[in-house]
Q: 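Have a look at this one.
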Protein chains: 2
Amino acid sequence: MNALPDEELATRVWRGMRGLVVDRHERRKEVCEALGMSFVRVKALRLVAAGPLTLRRLAEQLTTDPPYTTVVVADLERRGLVERAPHPGDRRAKIVSITPEGVRAAELAERILGTPPAALLALDPADLDALDRVITRLLAT
Amino acid sequence: MNALPDEELATRVWRGMRGLVVDRHERRKEVCEALGMSFVRVKALRLVAAGPLTLRRLAEQLTTDPPYTTVVVADLERRGLVERAPHPGDRRAKIVSITPEGVRAAELAERILGTPPAALLALDPADLDALDRVITRLLAT
DNA sequence: TTCATTAGTTGCACTATTACAACGGTACGC
DNA sequence: GCGTACCGTTGTAATAGTGCAACTAATGAA
């Protein structure tokens, strides 16, 4: 309950990061337009691109239910970006994996989403380095 | 075209920040559930809470078209969270402003969205300080 | 005044999202 | 083998988001 200075500072930092990423440099629409699909599909595509996974696991990562995940995957499959294969060890399950064309689409998405804003590029090298060090540490958690 | 080390570093930092904010600690669902409304409405509410603005301007900030903005504002008004008043200088325009109840709802949203993740709270004070310094600089741009 | 422009609104159409029920096929403990 | 639990799918339905056309009211320039 006691708002220690550190907690306040962390809050300020968090809101700042959120402001930069979400409020100022949201690229959802851009990437959706570029790939010609809704954002859930982009998200699913990127998850599959990161490595094959079962449909249920994909549903969890998308925080949607299995039925809708089926719809999304079916759509991506129709586009030739992913494919479904039976799970070797469990014939109930299916493995969703990326196709070569899917890799290209996912790379495009990454390129759009991953391009740093001008302010970051213009940052003092020392600051950028400090940022990199701390962010890396945070991600390691 | 030439990928300077700094540009690569900026890209890595940006992707890291995005990963933290968007991929790991997305709070959209949480805040939508808490306020009982869709995310566009939350976004609109927060924008109005930041200061009264014309409906057109709100539409721009939401990156939606005026018709849908009307729908969203009408819904927020029905909930008693915002109100529409004629623009003093331009009788075509309307000013959307927050109500006391809207302020409370917006504060709840801010509290949910603005709560830093555990990893950030657990960060070394020196790192947190460095982060704060650079983020602040970035936001000043 | 006239006319093009702008702000907001209403209505319509279409797609996307989300949840829920139910089903067939499979796995696994008993 | 049996029953239970699980995986993916289909179907249904409700809500949300998006774009477009058309309309009213008001502005402002020629």
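Here is how names work: the chains are called A, B, and so on, in the same order as the sequence lines, proteins then strands, and each is numbered from 1.
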Q: Indicate for each nucleotide in nucleotides 19-30 of chain D, in 5' to 3' sequence, whether protein heavy atoms under 4.0 Å reach the base (B), only the sugar-phosphate (S), or nothing (-).
A: BBB----BS---
Q: Strictly below 4.0 Å, N to O, side chains only: are B/R46 and A/D23 in salt-bridge contact?
A: yes
Q: Measuring to OP1 and OP2 of C/dT17, would you say a side-chain N or O of A/S38 lies under 4.0 angstrom away?
A: yes
Q: Just how far, in rounded Å, is P of C/dT10 from CG of B/D75?
A: 14 Å
Q: Atom CZ of B/F39 and atom C1' of D/dT18: how far apart are they, to the nearest Å?
A: 18 Å
Q: Kindly state which residues belonging to residues 51-58 of chain B come within less than 4.0 angstrom of DNA chain C, counting heavy atoms of the residue only, listed by number.
A: B/T54, B/L55, B/R56
Q: Under a 4.0 Å N-O cut-off, is there an ion pair linking A/R57 with A/E60?
A: yes
Q: When you measure from the side-chain N and O atoms of B/R84 to the phosphate of C/dG8, is any distance below 4.0 Å, counting only OP1 and OP2?
A: no
Q: Measure NE2/B/H87 against C1'/C/dT9 and give the value in whole Å, please.
A: 18 Å
Q: Can you tell me how far C1' of C/dA16 sits from CD of A/E33, to the nearest Å?
A: 17 Å
Q: Between A/R27 (side chain only) and A/T115 (backbone N and O only), is there a donor and an acceptor less than 3.5 Å apart?
A: yes
Q: Would you kindly give the CD-to-P distance between B/E60 and C/dT6, to the nearest whole Å?
A: 12 Å
Q: Is there a path of hydrophobic side-chain contacts, each under 4.5 Å between heavy atoms of I/L/V/M/F/W/Y residues, joining B/V22 to B/L131?
A: yes
Q: Over all strands shown, is B/V40 touching base, sugar-phosphate only, or nothing at heavy-atom distances under 4.0 angstrom?
A: sugar-phosphate
Q: Quick one: does A/T99's side chain have a donor or acceptor within less than 3.5 Å of a partner on A/G80's backbone?
A: yes
Q: Can you tell me the distance, in whole Å, between the CE atom of A/M37 and the P atom of C/dT17?
A: 11 Å
Q: Just how far is it from atom CE of A/M37 to atom CG of A/L76, taken to the nearest 0.5 Å?
A: 5.5 Å
Q: Within this structure, what is the OG1-CZ distance for the pair A/T63 and B/R28, rounded to the nearest 0.5 Å?
A: 11.0 Å
Q: Is it true that B/R133 and B/D129 make a salt bridge, defined as a side-chain N closer than 4.0 Å to a carboxylate O?
A: no
Q: In terms of side-chain heavy atoms, does A/R41 have a donor or acceptor partner in A/S38 at a distance below 3.5 Å?
A: yes
